[in-house]
**Q** 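I am attaching a structure below and will ask some questions about it afterwards.
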Amino acid sequence: MGKTVLSVENLSTFYKTDKGISRAVENVSFTVEEGEILGLIGESGCGKSTVAQSILRLIEYPGKVVKGKVFLHEKELISASEADLYDIRWSEISVIPQSAMNALNPVHRIGEQIMEAILIHEHVSKKEALDRTKVLLELVGIDRERWKSYPHEFSGGMKQRVAIAMALACYPKMIISDESTTGLDVLTQSQVIALLKDLQRKMNLSIILISHDLPMVTSISDKIAIMYAGKLVEWASTDDILHDARHPYSRALLDATPDLINRDKKIVSIPGTVPNLVNIKSCCRFHTRCPFAFERCKVEEPELKEVKPGHFAACFLEEENHELTYTS
Amino acid sequence: MSLPTLLEVVNLKKTFVRRSGSFLKPKKTDVYAVNNVSFSIEKGEILGIIGESGCGKTTTVRMIMRLMNESNGKILFNGQNLCGLSDEKTTKVRKDMQMIFQDPYDTLNPGMRIVDILMEPLHAHKPNMTKEEKYQKVKETTEAIELIPAEDFLNRFPHQLSGGQRQRIAIARAVILEPSFIAADEPTSMLDVSVRAGILNLLLDLREKMGLTMLFITHDLSTASYMCDRIAVMYQGSIVEIGETQKIIDFPTHPYTKALVSVVKDLNSFIENRETMILDGEVDSTKKTLGCAFVSRCPHQEAVCHNVVPSLEQIDKVQSVACHCFGSSKMGISERSGALV
């Protein structure tokens, strides 16, 4: 067990809508250790990105972090002042945004944009900042003299690399990659992932890898957290998720993913749709689609409980010792 | 291999012109979107085309569906050449070939009710049917795509349906005329994992029930392996490898296919060995290379690769590949038996 770098405790983020309060993220808790890659998986709208934004305190009106604590090392972020956050962002935790195409300013040279981040956060000369920028570019596999280029001169994969270099600008210990490879071609995507993995090893980074691509995430993460409709439903080591998933949703997700090696596996879709999170009652949010749901699931909300060391799941079946077997 | 061929594409080509340069000195460059693509699909078969974005998969389908004219080549559907057919005749052929598009949010008219959307193909192609017959047909089809009871859905507008339901309606619209051929252009790439499985299974079901032949476009190898009998891998406008799905997965031959398969099969080993699989490189389709399109990213390149375009050669009964290095010592049979995959 390494040192805990980030710990999220009972985080809840709600959005105000015309129809009421949308409980987009509720009671999410997990930790990330030093040098660990945590894969945060879920379908669109399940709250993955909201979690990431809440950690960095980037939630804006109509959203609000209503409850919970986020500790980065010893510092608490949710109650931190803007000035403190200013010091923490970039230098201790940074984010690689979803679409690098839009994250870069089209009218500035990429080198200047990376330098800007360094100059704002550290007291270094321009020359030192430029030198570091060149090192960073090399680190992500871009020729160091290309710092003079503008974003439009790069391809999608290259821009993504620039975004990674930028996230690393102040050598943070923790990086959140918010679907940063979605939309790239398979091979480019895997090259970016390979780069992240390399950097993680070299710099002992901790990474939260947010994605909806289950096979990709499971092959490089140490631990997996699965979210459904704003709740964390299961959090365990990758092996446990793949071979001993306890929550019915985790199992259904695995069953819905085609497998290249086992082509005969019949994939199964999950019936029904995701519930509307506006004014949702206290219940297991998966009960409408769950083949094992019983009375208790409709009226009570399951808590994330440790089902075996290091393996957490939020399901009543665990408590009631129900055997998870598909009867249909 | 005994089944008759339904669709045959011969040396299909499409070039776009890219205008650049200044106003006074305009410059035109040809972009080769699809370059000498040939393949055939047997009756009842699902052929998958996979490749990265911009490799020409969608352009190929659009030409086959006559939504776009070809620059050169032949498309034989049931033996009839579709290239150069008049609009009137094309319309008649379309009754037998339909398409499912990528984005279910864009392809259904937001101002029309589902029933009207599904009626439209009948109005266009079955003028002899009475209104009741048409309604009956719409109802049957809606139930066939597992939206039951149909009455609940028919009077809705597209915005009242979820993404998965919309894609089902798009499928219903494609199959309502009982075509023999369907082209599906990334039908599940916009959908969530839990919904995707349902759509894929529905397409497989419909193939069983209606004896459909399908061209299935995707960028995801595992989806293709689940759906398709055969897979064609495209790279920069050309087919680099085509063969039976199992063969492609077990014994990929082209370096590009190898990289693709290894990424999906075992990402970790790809990460460890990525220098031997593929080189970092930019994809630029305006640059007309003399040789192999993949040469800038290929780790096995030889002199001949820079000068001569490799042609698609059959390596056994069920697999063809376009690579100069196939058969040469470093990519020989021993490696094919699985060392690199």
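Order of the sequence lines sets the chain letters (A, B, ...), proteins ahead of strands, with each chain counted from 1.
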**Q** Looking only at heavy atoms and a cut-off of under 4.5 Å, which of B:Ser162, B:Ser225, B:Gly198 has the most pairs with chain A?
**A**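 So the answer, after comparing B:Ser162, B:Ser225, B:Gly198, is B:Ser225.
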**Q** Drop me the distance from B:Ile271's CD1 to A:Arg201's CZ, to the nearest 0.5 angstrom.
**A** 7.5 Å
**Q** About how many Å separate CD of A:Gln189 and CD of B:Glu52, when rounded to the nearest 0.5 Å?
**A**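 These two atoms lie 12.0 Å from each other.
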**Q** Nearest 0.5 Å please: distance from the OG atom of B:Ser222 over to the CD1 atom of A:Ile261.
**A** 10.5 Å
**Q** To the closest 0.5 Å, what do you measure between CZ (B:Phe270) and CG (A:Leu187)?
**A**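 So the gap between those two atoms works out to 5.5 Å.
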**Q** Using a cut-off of under 4.5 Å on heavy-atom pairs, state which of B:Ile199, B:Asn201, B:Asp266, B:Val263 scores highest against chain A.
**A**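 Top count of heavy-atom pairs under 4.5 Å with chain A: B:Asn201.
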**Q** Identify which part of B:Glu272 has an atom lying under 4.5 Å from any heavy atom of chain A, answering side chain, backbone, both or neither.
**A** side chain
**Q** Is a side-chain donor-acceptor pair under 3.5 Å present for A:Ser219 with B:Asn268?
**A**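 Side-chain D/A pair, B:Asn268 to A:Ser219: absent.
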**Q** If I compare all heavy atoms of A:Ala256 with all of B:Ser194, which pair ends up nearest, and what's the gap?
**A** CB-CA, 4.4 Å
**Q** NZ of A:Lys266: more than 12 outside heavy atoms within 6.0 angstrom?
**A** yes
**Q** What option among A:Glu43, A:Arg289, A:His212, A:Lys197 has the most heavy-atom pairs under 4.5 Å with chain B?
**A** A:Glu43
**Q** Sort B:Leu200 into side chain, backbone, both or neither according to what part of it lies under 4.5 angstrom from a heavy atom of chain A.
**A**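 When you check distances to chain A, only side chain atoms of B:Leu200 fall under 4.5 Å.
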**Q** Give, for atom CG of B:Asp192 and atom CG of A:Leu253, the distance between the pair rounded to the nearest 0.5 Å.
**A** 9.0 Å
**Q** With a 4.5 angstrom heavy-atom cut-off, could you sort out which part of B:Val193 is near chain A: side chain, backbone, both or neither?
**A**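 When you check distances to chain A, atoms from both the backbone and side chain of B:Val193 fall under 4.5 Å.
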**Q** Taking atom CG of B:Leu204 and atom CD1 of A:Ile267, what is their separation to the nearest 0.5 Å?
**A**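 Between atom CG of B:Leu204 and atom CD1 of A:Ile267 there are 8.0 Å.
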**Q** Does CD in A:Glu145 sit with more than 12 non-hydrogen atoms of other residues, nucleotides or ligands closer than 6.0 Å?
**A**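 Enclosed.
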**Q** Any side-chain heavy atom of A:Asp185 within less than 4.5 Å of one from B:His219?
**A** no
**Q** Between A:Asp264 and chain B, with a heavy-atom cut-off of 4.5 Å, which part of the residue counts as in contact: side chain, backbone, both or neither?
**A** neither
**Q** Heavy-atom distances under 4.5 Å only: say whether B:Thr245 touches chain A with side chain, backbone, both or neither.
**A** both
**Q** Do the non-hydrogen side-chain atoms of B:Leu267 and A:Ser190 ever get within less than 4.5 Å of each other?
**A**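 Of all side-chain heavy-atom pairs linking A:Ser190 with B:Leu267, at least one is under 4.5 Å.
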